[in-house]
Amino acid sequence: MRTLLNLVWLVLAGVWMAIGYVIAGLICCILIVTIPWGIASFRIALFTLWPFGSRIERRPDAGLGSTLGNVVWFIVAGWWLALGHIATAIALAVTIVGIPFAWANLKLIPVSLTPLGRRIVDSEDAAAFAVGDHRTPVPARR
């Protein structure tokens, strides 16, 4: 089901949003001082391409640098992006078919507000880890 949702999302909104984040990331990487925000923009672009079945979580090793960078990002771009995602989610939620896509858009708000110090994880892997299944996955035998 999540593959179908991701494919529909990709066609309707994902590609366009990802292109926007990639352009922002390229601009940030050209302006050498803003490379960390460029890398974060590329991470958000990847998440916007395939949001169903993935989630964003905080990295445990993120420190003061990520926090300060997120404050700058929030002031410059984060809240504008969040407002855009909210407006798009409201427009998508008007129809019953658009509700899952509105939800995916709302999932993008936390990472658009504070992108530094986060990582993309598979929802199933994150749930298993949270429950206490800390075993190393065993590769399948041939």
Side-chain angles (χ1 to χ4, degrees), residues 1-140:
M1 183 62 152
R2 71 179 178 180
T3 303
L4 178 64
L5 287 171
N6 278 320
L7 288 173
V8 174
W9 167 264
L10 190 66
V11 171
L12 295 179
V15 170
W16 310 113
M17 293 174 68
I19 289 172
Y21 279 113
V22 166
I23 291 170
L26 289 173
I27 292 170
C28 287
C29 286
I30 289 171
L31 307 168
I32 301 205
V33 176
T34 56
I35 287 177
W37 291 285
I39 294 169
S41 289
F42 294 141
R43 187 178 318 112
I44 298 170
L46 178 66
F47 188 54
T48 59
L49 283 175
W50 212 254
F52 294 97
S54 299
R55 69 183 191 110
I56 296 287
E57 68 178 24
R58 288 211 168 269
R59 289 179 40 196
D61 59 343
L64 181 62
S66 294
T67 304
L68 294 175
N70 281 332
V71 169
V72 171
W73 174 270
F74 181 83
I75 292 169
V76 173
W79 67 280
W80 287 103
L81 291 169
L83 287 176
H85 286 299
I86 290 170
T88 306
I90 290 170
L92 287 168
V94 171
T95 65
I96 293 174
V97 174
I99 291 174
F101 306 112
W103 185 253
N105 227 325
L106 293 176
K107 273 179 40 174
L108 291 166
I109 291 174
V111 74
S112 69
L113 286 173
T114 57
L116 301 176
R118 296 187 180 250
R119 64 180 173 194
I120 301 170
V121 295
D122 188 37
S123 294
E124 293 171 1
D125 292 343
F129 191 77
V131 170
D133 186 11
H134 303 291
R135 296 172 291 157
T136 306
V138 178

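Values reported hereafter were calculated over all heavy atoms of this structure, with side chains retained and with hydrogens, waters and symmetry mates removed. Here the structure is a predicted model, which is why all the values come from computation and not from measurement.
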Can you name the closest pair of heavy atoms from Ile44 and Pro115 and give their distance?
-> CD1-CB, 3.8 Å

CZ-CG distance between Arg2 and Asp122, expressed to the nearest 0.5 angstrom = 5.0 Å

Rounded to the nearest 0.5 Å, what's the gap from CE on Met17 to CG on Leu108? Could you check?
-> 4.5 Å

With the side chain counted from C-beta on, respond yes when Val121 and Arg55 share a heavy-atom pair under 4.5 Å apart, and no when they do not.
-> yes

Within the side chain of Trp9, is there an N or O that forms a donor-acceptor pair under 3.5 Å with the backbone of Thr48?
-> yes

Mind checking whether Arg43 and Val111 have side chains closer than 4.5 Å, heavy atoms only?
-> no

Over all heavy atoms of both residues, which pair between Phe42 and Cys29 is shortest? Give the atoms and the distance, please.
-> CE1-SG, 3.8 Å

Enter the distance from Leu106:CG to Ile86:CD1 here, rounded to the nearest 0.5 Å.
-> 7.5 Å

Return the minimal non-hydrogen interatomic distance between Leu7 and Trp50, and the atom names on each side.
-> CD2-CH2, 3.9 Å

What distance do Arg58 atom CZ and Leu116 atom CG have between them, rounded to the nearest 0.5 Å?
-> 9.5 Å

Please report the shortest heavy-atom distance between Trp73 and Ser112, naming the atom on each side.
-> NE1-O, 2.6 Å

Would you say the side chain of Leu92 lies within less than 4.5 Å of the side chain of Ile99, judging by non-hydrogen atoms?
-> no

Identified side-chain contact (heavy atoms from CB on, under 4.5 Å) partner of Val8 from the options Leu12, Asn6, Val11, Leu10 = Leu12

Heavy-atom side-chain contact between Trp37 and Val76 under 4.5 Å = no

For residues Phe52 and Pro100, report the shortest heavy-atom separation together with the two atoms involved.
-> CZ-O, 3.4 Å

Quick one: pull up CD1 in Ile75 and CG in Asn70 and give me the separation to the nearest 0.5 Å.
-> 11.0 Å

Rounded to the nearest 0.5 angstrom, the OH-CG distance for Tyr21 and Leu26 is 15.0 Å

Specify the closest pair of heavy atoms between Pro60 and Arg119, including all atoms of both residues, with the distance to one decimal.
-> CD-NH2, 4.1 Å

Beyond-backbone contact of Pro110 with Arg118, side-chain heavy atoms, under 4.5 angstrom = yes

